[in-house]
Number of protein chains: 2
Amino acid sequence: MRRMTARPANAHQARLLRLLRDGGPNSRAQLGDQIDLSRSKLAVEVERLLETGLVVADGLAASRGGRRSHNIRLAPALRFLGVDIGATSIDVAVTNAELEVLGHINQPMDVREGPVAVFEQVLSMAAKLRASGLAEGFDGAGIGVPGPVRFPEGVPVAPPIMPGWDGFPVREALSQELGCPVMVDNDVNLMAMGEQHAGVARSVGDFLCVKIGTGIGCGIVVGGEVHRGTTGSAGDIGHIQAVPDGRPCACGNRGCLEAHFSGAALARDAVEAAQQGLSAELAARLETNGALSAVDVAAAAAAGDATALDLIREGGNRTGQVIAGLVSFFNPGLVVIGGGVTGLGHTLLAAIRTQVYRQSLPLATGNLPIVLGELGPTAGVIGAARLISDHLFSPA
Amino acid sequence: MRRMTARPANAHQARLLRLLRDGGPNSRAQLGDQIDLSRSKLAVEVERLLETGLVVADGLAASRGGRRSHNIRLAPALRFLGVDIGATSIDVAVTNAELEVLGHINQPMDVREGPVAVFEQVLSMAAKLRASGLAEGFDGAGIGVPGPVRFPEGVPVAPPIMPGWDGFPVREALSQELGCPVMVDNDVNLMAMGEQHAGVARSVGDFLCVKIGTGIGCGIVVGGEVHRGTTGSAGDIGHIQAVPDGRPCACGNRGCLEAHFSGAALARDAVEAAQQGLSAELAARLETNGALSAVDVAAAAAAGDATALDLIREGGNRTGQVIAGLVSFFNPGLVVIGGGVTGLGHTLLAAIRTQVYRQSLPLATGNLPIVLGELGPTAGVIGAARLISDHLFSPA
DNA sequence: CCTGCTTTGTCCTGTCAGTGGAAAAAGTTG
DNA sequence: CAACTTTTTCCACTGACAGGACAAAGCAGG
């Protein structure tokens, strides 16, 4: 099937498409209230959008006291693909043009197996979604990778945890395979965009989104836009020193935040505690599974295990300390905590909050919510869909 | 004398004014090369600007191989006032419309004497500059204060080191007194704008500007724009924890960067070292002056005093450690070090560089210059002039 | 069902910003 | 002085857009 080739011809059309994306089906009259255009001009632009097929008529709206207005909506057949490649698993989802998730699958996979193997997996997952009747094809795809990206080209650069990906033309290759436009970004940035679009960060202009998974990263949103930095490595807070002369880190330094708290560090600490006989709960789980992960620690903590709680608390303290510094520096309006370890829940959040509220100045923390992400694993794929839709819904 | 009342009527005119401000006198033809407008349209807008008096004819340009072009320039009588209120001194300068400093005076004054006393001083300094024939009046003024500012209103909020200023309507009051538009900002932000306009940060989109004076602050520039944060306290890095369980700080916490290194901390450490007999050089200076400041430490270091050098080095290490974190987080294209302690020169810079290059990831530091500010004490006043000119040279 | 009011959609004209070509004006080069 | 450039002005043409007039559609109340 031929997919969308049309693009908005001007800024007004782009604006209208985004209004329809973010606000769902809408009447012409309501659109007129939200956009600064005369009725005549609006009618012309809507007419042109209808001609392109990007937008379709959608029945009559409820009356607002007079003649009823005709609703319009984004073409219901439009489909975006959102891909979130994590360190140890892959999420793929299909959305409609309003970025609602229609189907979502998750598969474990080690990113270190390299781009070729991962791509194969991603494509087969996309094919599976297509086969299930959710999409006949994709009008665009967004993809997130766990490392820095040279954004304009869509190419990973010097990614520490994914050797073999350096310089791999992700955007080009995926675009080729799927036959549609593709945008690539860091997975943390996509999570931030997801929470901004559909999660807790709606209507916040400046915020931080801290993702604690296998590693730790931070999405930075300034004035509604993601800040990627000069080389695309902004938000790489995992290697900020949290403990002077602390544990050795894979990066060669000592005391990096990531070495002291992250999915990987937490798992290692848990195994150690189990082996030293500090926690019967963890030891039992280690016995059963042969390994431990953040999920086990969360379960043990939920069961009241003191060691597990301590691990979480200490990690939260470390993380909170680093975040406190970032809050002083950046003065965000919101801090979102997300990623694999959100399962640790309130214990973690409380530890982080304590540190931030204690260490940052009152002016910066006075009205600063620190909350868990609302979308969990869908944040990344929604962010990915948002990324490509922002691209497509902008003047050609 | 009546001053400039005219403002650019549209974005084109604003654009032209900024080109003339940043590039100096220019021919119509050259302007045409820099702006995306047809010759006819350009001629119309220039004509209108000439009518308003904001811009005047300025003789003939050199030939580029054909008919010579008529030069135009910003009205030579335009004057901006730049005010930089530091913790312990005040800088006031007059600039022309191209933001060249025509006159600059500096007076010691403790900001804690309160807004009324400080204002009196500022106005008398401005009057002095006017009396010396540099200006008949001011077309706009920018002012920087050493604390957070609610930017749109131009009002300091909860400034830790300047009690009595909280909520004082700086913008309103100064505008009233001077009879011209006024904009207020944090002094560190103005320093960043100054270095961006006329210093080392020309042509860099994302950079950090660390000012080490009585306290420590950091100007953050994202995409050419200053980031002020949700409550105007962005860049307040003086109270980031640099030393766990370190020295007590005025803010109530322990180990704040500012408590370990800043103009004030350095002076205190120097006195202590002198009294403990660790440094003959510093002791002698303490004897002579009755007090020590960063300048004394710089002089002692220049004379080869080991203790002074150690103080600087250790401070640089602490600062570098914090900056390393910020570099990982923000991924700037440049880091500028400025403020009173730039006199400490290369020793300080070397220590900072060592820490940053060691602790941040290669991708972020690979092509990251860390340099001293170029403008010294004029950075702030130039930034102040730039602030108000940006405001005035924007569509009404 | 009919009347008056409101909202929505369409049509049309006037205005204004802006482009691009033509030609005049002013210089340069040989 | 002739041929060629560059700059500037002039002018007609285009397209974007606003806003008014009017028709269409719906509501409320008699």
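Side-chain atoms are counted along with the backbone in the values below, which use heavy atoms only and exclude waters and symmetry mates. Lettering of chains follows the sequences in order, A, B, ..., and the numbering in each one begins at 1.
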Tell me the interatomic distance from [X], atom [atom1], to [N], atom [atom2], rounded to whole angstroms.
| X | N | atom1 | atom2 | value |
| --- | --- | --- | --- | --- |
| B/Leu60 | D/dT8 | CG | C1' | 13 Å |
| A/Leu50 | C/dT10 | CG | C1' | 15 Å |
| A/His70 | C/dT7 | NE2 | C1' | 12 Å |
| B/Gln13 | C/dG18 | CD | C1' | 15 Å |
| B/Glu47 | C/dA17 | CD | P | 15 Å |

Tell me if a side-chain donor or acceptor on A/Asn71 pairs with a main-chain N or O of A/Ser27 at a distance below 3.5 Å. yes
Per-nucleotide protein contact string for nucleotides 16-25 of chain D (B base, S sugar-phosphate only, - none; heavy atom under 4.0 Å): -SBB-B-BBB
Which residues, if any, of residues 17-35 of chain B bring a heavy atom under 4.0 Å of DNA chain D?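 By residue number: B/Arg28, B/Ala29.
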Sequence-distant partners of A/His227, ring-ring contact (aromatic ring centres under 6.0 Å, His included), two or more places apart: B/Phe330
Could you tabulate the donor-acceptor pairs under 3.5 Å formed by side-chain atoms of residues 46-55 of chain B, not counting sequence neighbours?
| unit_1 | atom_1 | unit_2 | atom_2 | d |
| --- | --- | --- | --- | --- |
| B/Thr52 | OG1 | B/Leu49 | O | 2.7 |
| B/Thr52 | OG1 | B/Leu54 | N | 3.2 |

Can you name the residues that form a side-chain contact (heavy atoms from CB on, under 4.5 Å) with [X], not counting sequence neighbours?
| X | answer |
| --- | --- |
| B/Arg68 | B/Leu60, B/Ser63 |
| A/Glu100 | A/Asn96, A/Glu98 |
| A/Asn186 | A/Val188, A/Asn189 |

The salt bridge (Lys or Arg N to Asp or Glu O under 4.0 Å) partners of B/Asp33 (sequence neighbours excluded) come to B/Arg64
By salt bridge (Lys or Arg N to Asp or Glu O under 4.0 Å), which residues pair with A/Arg171, not counting sequence neighbours?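 Result, salt bridge (Lys or Arg N to Asp or Glu O under 4.0 Å) vs A/Arg171: none returned.
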Any salt bridge (charged side-chain N to carboxylate O under 4.0 Å, His left out) involving residues 193-204 of chain A? Give me the pairs, sequence neighbours left out, ordered by first then second residue.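 Residue pairs passing salt bridge (charged side-chain N to carboxylate O under 4.0 Å, His left out), neighbours aside: A/Arg202-A/Glu374.
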What pairs meet the salt bridge (charged side-chain N to carboxylate O under 4.0 Å, His left out) rule with one or both residues in residues 385-395 of chain A, with sequence neighbours excluded?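 Of all non-adjacent pairs touching residues 385-395 of chain A, those that pass salt bridge (charged side-chain N to carboxylate O under 4.0 Å, His left out) are A/Arg18-A/Asp390, A/Arg21-A/Asp390, A/Arg386-A/Asp390.
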With side chains defined as the heavy atoms from C-beta onward, is the minimum distance between A/Arg7 and A/Ser394 less than 4.5 Å? yes
Distances under 3.5 Å between nitrogen or oxygen atoms of protein and nucleotides 12-14 of chain D:
none

B/Ser63 has its side chain closest, among C/dT7, D/dT6, C/dG27, to C/dG27
